[in-house]
Amino acid sequence: MQVKSDAFLRCSKCRKVLFSKEFERNLRVCGSCGHHHRISADERIRITFDEGTFQELDRGLRSCDPLEFPDYREKLEKGAKATGRHDSVIRGTAMIEGRPVSAAVADFAFMGGSMGSVAGEKIARTIELAIERRIPAVIFTATGGARMQEGLLSLMQMAKTAAACRKASDEGVPFVCVFTDPTMAGVLASYASLADVILAEPGALVGFAGARVSAQAGVGRVPDNFQTSEYNFEHGMIDAVVQRKDLRSTLARVVDHLSANL
Amino acid sequence: MQVKSDAFLRCSKCRKVLFSKEFERNLRVCGSCGHHHRISADERIRITFDEGTFQELDRGLRSCDPLEFPDYREKLEKGAKATGRHDSVIRGTAMIEGRPVSAAVADFAFMGGSMGSVAGEKIARTIELAIERRIPAVIFTATGGARMQEGLLSLMQMAKTAAACRKASDEGVPFVCVFTDPTMAGVLASYASLADVILAEPGALVGFAGARVSAQAGVGRVPDNFQTSEYNFEHGMIDAVVQRKDLRSTLARVVDHLSANL
Amino acid sequence: MAKTWHEWEKPLLDLEEGIQKLRDLVPKAPPDKAAQLEKQIEEFEKKRDTFLRVKYGRLGPWERTLVARADNRPYTLDYVRAIVTDWVELHGDRRYGDDKAMIAGLGKIDGISCVIVGQQKGRDLKQRQFRNFGMAKPEGYRKAIRMFEMADRFGLPVISFIDTPAADPGVDSESRGISEAIAAGMSSLFGVGVPTIAVIIGEGGSGGAIGIGACNRVLMLENSIYSVIPPEGCAAILWREPTAGDKAASALKLTAQHALDLGLIDEIIPESFGGAHRNPAETAKNVEEAVVRHLRELMVYDRDTLRTDRYAKFRAMGVFTADEAFTL
Amino acid sequence: MAKTWHEWEKPLLDLEEGIQKLRDLVPKAPPDKAAQLEKQIEEFEKKRDTFLRVKYGRLGPWERTLVARADNRPYTLDYVRAIVTDWVELHGDRRYGDDKAMIAGLGKIDGISCVIVGQQKGRDLKQRQFRNFGMAKPEGYRKAIRMFEMADRFGLPVISFIDTPAADPGVDSESRGISEAIAAGMSSLFGVGVPTIAVIIGEGGSGGAIGIGACNRVLMLENSIYSVIPPEGCAAILWREPTAGDKAASALKLTAQHALDLGLIDEIIPESFGGAHRNPAETAKNVEEAVVRHLRELMVYDRDTLRTDRYAKFRAMGVFTADEAFTL
Ligand SMILES: [Zn+2]
Ligand SMILES: [Zn+2]
């Protein structure tokens, strides 16, 4: 959304002018069109977990530009300035309606939430901690995919995170994933799709390839809601599309059922 | 096919007149159009397994008309007269190119190869013997489906045979199924579809519901090759469509690979 | 013999409508007239109860078929609403689509978190089409399988509500392997190391039913049916008379009592007086009681025992003789 | 810098064509002329070999990309034909279809029965379309998964030949969950208790490659590439210049040597002199030798060790530092 003044802003979807305070109270969901605007990882943590229970881990992990990729260091610095973090994934432990979880939340504002070595490592550790403590893992995605600035290392994060998910699955430890806008490519094609239960926010972009690539490659018609949460729901890829305001309680119930025998 | 005289007959598919001797030498495959005509279970055994190796088991199992279903006893008698057997499935042990297998072969001439308690029992025993001896199970289907004259008991044969297949799978014992004309309904929807490798003869009718029922139920176009081996192959349900003359050697190779570590 | 549900229920519905009309008059009537009306109502109700007792007391196979298919009979989600708490419906097979004819989710029964699946019929025309008349497609069975695997992974019991005329027989179901999906459904149920309970609440239609029905315990509501083929289909094949459904229903022995006598189910759950549709809440209570009782019985067993028990149960099904000396 | 394969190979092809022409003259020429021709041919061949040695001796990332994608490079089925005996191709995902871009089957390598999967490209236009340019759809990955599970069930090693520009990005792939299929492919490979070996023979294209590539051992042919994104795609995103593929290829470090240096693959398999397409038989021999050697090494391990080894291998991948005191 665009900021109009401190008191008002304009919804980037429906163009309606909204009261800033009401918009924030509404968890950044447009009161007029229902569009779920992106929120920061910190905000996500605040509205999802029991107050004060999120304990961040591995805050110090950072990329060291292993490929010496053009402009990568600058982008890392820019991301750090935008988010106050070293990389796109924040992880830790938290409680959700009194139940302990191993949690991770991605921040799109850090290099488009892309997954390089640090994000992959944090996701793997999130799942491994869940296995170790026998508590559910809960992960919020917000990503354009793998981070190409780390080349093949980024591709390998797909395998690494998938391996962790498989281990959790084999050990009977639940993993619930929440797709937020956007959840794409290398992340969707690895750990995100391996969750036991997948929830998604309405209208999130969820897909494998950029829409342009898909349309070029395909012979068929591109549906209007292509690569949205709703499209993926229709095609059986998502368990439920859940309003932001209901996510916390839905998550709590799912986590409760799946950890009944942990 | 229709018998014209002892020396000639007419292919029921392409209507060409064929030399009986050549037709038989051709394993009852039309030399003109390639149509695979149905063959009896005994003939199937003869052309598939190493000469003289098939040892029949459970020849004495017979249905006792548990529901006292109208005309069922007459149909059983008619089937027995047509095939020289008590029911539609013949089972035993055999060798295929020197490799031992637990085998079963259905005969369509016995009540349309339908599966009641006896067929279900024989299939389950075929799989269980394979598990016990740690040799592959090889089954040839030829059936219209479950035998309605045994009501719910027939439906339960689907579960019984599926249970045996699952057990074999869990114990690492291979099961190879060959679909011959026809392989339908309750048999296709149970053990037949649970085989590790599925081969099919060309042009066999393979499907869930009668074509009339499918067409009525469906909204879409009914493809020309609907419910054939080839259709099922296209849709990923069958590993390979194999000419009758090549079945023996293909089976032998598959059995050889799958039992490499038994 | 009634051919349709409406034909069968009409006399009762007329009577109930009459009673309702009288009852509507009571508030407006003067006190003496009202008392008279009340008496009249009581008489009619007695009449109705006698009628019901006679009509529903000894239902034949065909009448039960009509009742099992009744469009006002409680469906899967009605039982879920009545007996499940903390319900979260889950969707999708993660392969192709989300089948609205097969519902699935997580919920608690008597405080025990369970995986729940079941076919869902629709009550009005729009809902019926939305639910595809309770006929699941491959993606429905594959959704159920995903749930069975989840149940197994997390040690949750499976409760399966069965209510389907058949699996969907259409061209698109065939193209995506409806047979494979049903077979895989059974295979999956034989693999899980958790308690599994199937409850046939309406129609237990052939492969469509057994695809989610191969459970440790199989319970049937009193007026539900369970059959290898719909009676009309059987009649069409055997006697070329699809209308001879009543004759076929008798021959197929598709009632709960027959299934129990043959040892193919474990228990018959009583319905409310006059059928489940007359008192869904009471029927749901009965379902809950039976499910919880069986669940508590099964929950003491370990994974292997549950699997072995299930194997032995279905392995023993079948009636035949062994006649070693074959003679024609 | 050459932009296409044909541009890159043209000088060599011209030279080879010239040699062939001279060779065609020999049989028709008188003896003295023939001897002269032979000498000429020998000279040209020496020239060609020098040229080859220079050209192929120090290939850069972009040149390797061109070679890896060459339309006369050996494809998966070429290796199958060269090194596999008793081959039986198996088809179908038992869900939706049979993907011709992903081949699968059973066969023996050095007498050991294996499950073999791999992307298959087509050589001429018709074959290329039939094989969808080696871009597998969800049903391709699901076919592979069915094979991995079969391998696990029967204790057969898995050999995975990787040669794909990417998984199919079309609308229909998206609709059937191409992302889920790739993720499930990795998950399946992490689950199997048998030796698994991936050989990147041409293009190791991103998710499309890793979906069948998460193996105990990962080998790369000398001129194959392995990348998180095609260089052209990277160039389009970063510099809005899809033609800057050469620049992106260098930045992405997509060669076998880079992958080995980063510890992401286990071995580089040498190609025949002048690239695998110059002597497919010799290259296949090298592939066979390497595969069999790794296979024999892995076959001594039990199921758990194979799984643990695979987990540890991929778990260790990633380069980062831990800087506990966060400062901007
Ligand atoms: Zn808006
Ligand atoms: Zn013919």
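Residue numbers start from 1 in every chain, and the chains themselves are labelled A, B, ... in the order their sequence lines are given, proteins ahead of strands.
- Options B:R147, B:R125, B:E234 differ in how many heavy-atom pairs under 4.5 Å they form with chain C, and the most are formed by B:R125.
- When heavy atoms are compared at a cutoff of 4.5 Å, C:A209 does not approach chain B at all.
- The number of heavy atoms from other shown groups lying within 6.0 Å of CD (B:E68) does not exceed 12.
- Note that CD of B:E128 is 3.5 Å distant from OH of C:Y311, once rounded to the nearest 0.5 Å.
- Residues C:S179 and B:L188 approach most closely at OG-CD2, 3.2 Å, considering heavy atoms.
- Applying the side-chain hydrogen bond (donor to acceptor under 3.5 Å, both in side chains) definition to pairs two or more places apart or across chains, those involving residues 224-245 of chain C are C:R69-C:E232.
- If you take CE on C:M317 and CG on B:L152, they are separated by 8.0 Å, rounding to the nearest 0.5 Å.
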Hey, mind stepping through C:R315 and B:E121 against side-chain contact (heavy atoms from CB on, under 4.5 Å) and telling me if it holds?
CA-CA 8 Å; C:R315 184 64 188 84; B:E121 182 68 20; 3.0 Å; yes
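- Chosen from C:H258, C:K313, C:R307, the residue pairing most often with chain B at heavy-atom distances under 4.5 Å is C:R307.
- Of all the heavy atoms in B:A159 and C:F314, the pair that sits closest is CB-CD2, 3.5 Å.
- Of the listed residues (B:A162, B:G151, B:A163), the one with the most heavy-atom contacts under 4.5 Å to chain C is B:A163.
- Residues B:C64 and C:V319 approach most closely at SG-CG1, 3.5 Å, considering heavy atoms.
- Summarising the geometry of B:M148 relative to C:V228, their closest heavy-atom pair is CA-CG1, 3.9 Å, with the distance given to 0.1 Å.
- Of the listed residues (B:A124, B:S63, B:G116, B:S154), the one with the most heavy-atom contacts under 4.5 Å to chain C is B:A124.
- Within the 4.5 angstrom heavy-atom criterion, no atom of B:A192 approaches chain C.
- A donor-acceptor pair under 3.5 Å is absent between the side-chain atoms of C:E174 and the main chain of B:N232, judged by distance alone.
- Shown here is C:D302, whose CG atom has more than 12 heavy atoms of other residues, nucleotides or ligands within 6.0 Å.
- For the options C:L262, C:L254, C:L238, C:I229, heavy-atom pairs under 4.5 Å to chain B are most numerous at C:L238.
- Of all the listed residues (C:G213, C:A166, C:C234), the one sharing the greatest number of non-hydrogen pairs under 4.5 Å with chain B is C:C234.
- Atom OH of C:Y301 has 12 or fewer neighbouring heavy atoms from other residues, nucleotides or ligands inside a 6.0 Å radius.
- Taken to the nearest 0.5 Å, the CE atom of B:M156 stands 10.0 Å off from the CD1 atom of C:I265.
- With hydrogens and angles ignored, the 3.5 Å screen pairs no side-chain donor or acceptor of B:S117 with any backbone N or O of C:G318.
- Considering only heavy-atom pairs separated by less than 4.5 Å from chain C, the leading option among B:L155, B:V118, B:D170 is B:L155.
- For the pair C:A251 and B:L67, the tightest heavy-atom approach, listed with the atom from each and the gap, is O-CD2, 3.8 Å.
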Evaluation steps, side-chain contact (heavy atoms from CB on, under 4.5 Å), between B:Y231 and C:S175
CA-CA 8 Å; B:Y231 174 87; C:S175 78; 3.1 Å; yes
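- Between chain B and the residues C:L252, C:I237, C:L189, the largest count of heavy-atom pairs under 4.5 Å involves C:L252.
- For B:F208 against C:P169, the heavy-atom pair with the smallest separation is CD2-CA, 4.4 Å.
- Ranked by heavy-atom pairs under 4.5 Å with chain C, the list B:M237, B:K160, B:K167, B:M158 is led by B:K160.
- Taking the side chain as every heavy atom from C-beta outward, B:S193 and C:I182 never approach each other to under 4.5 Å.
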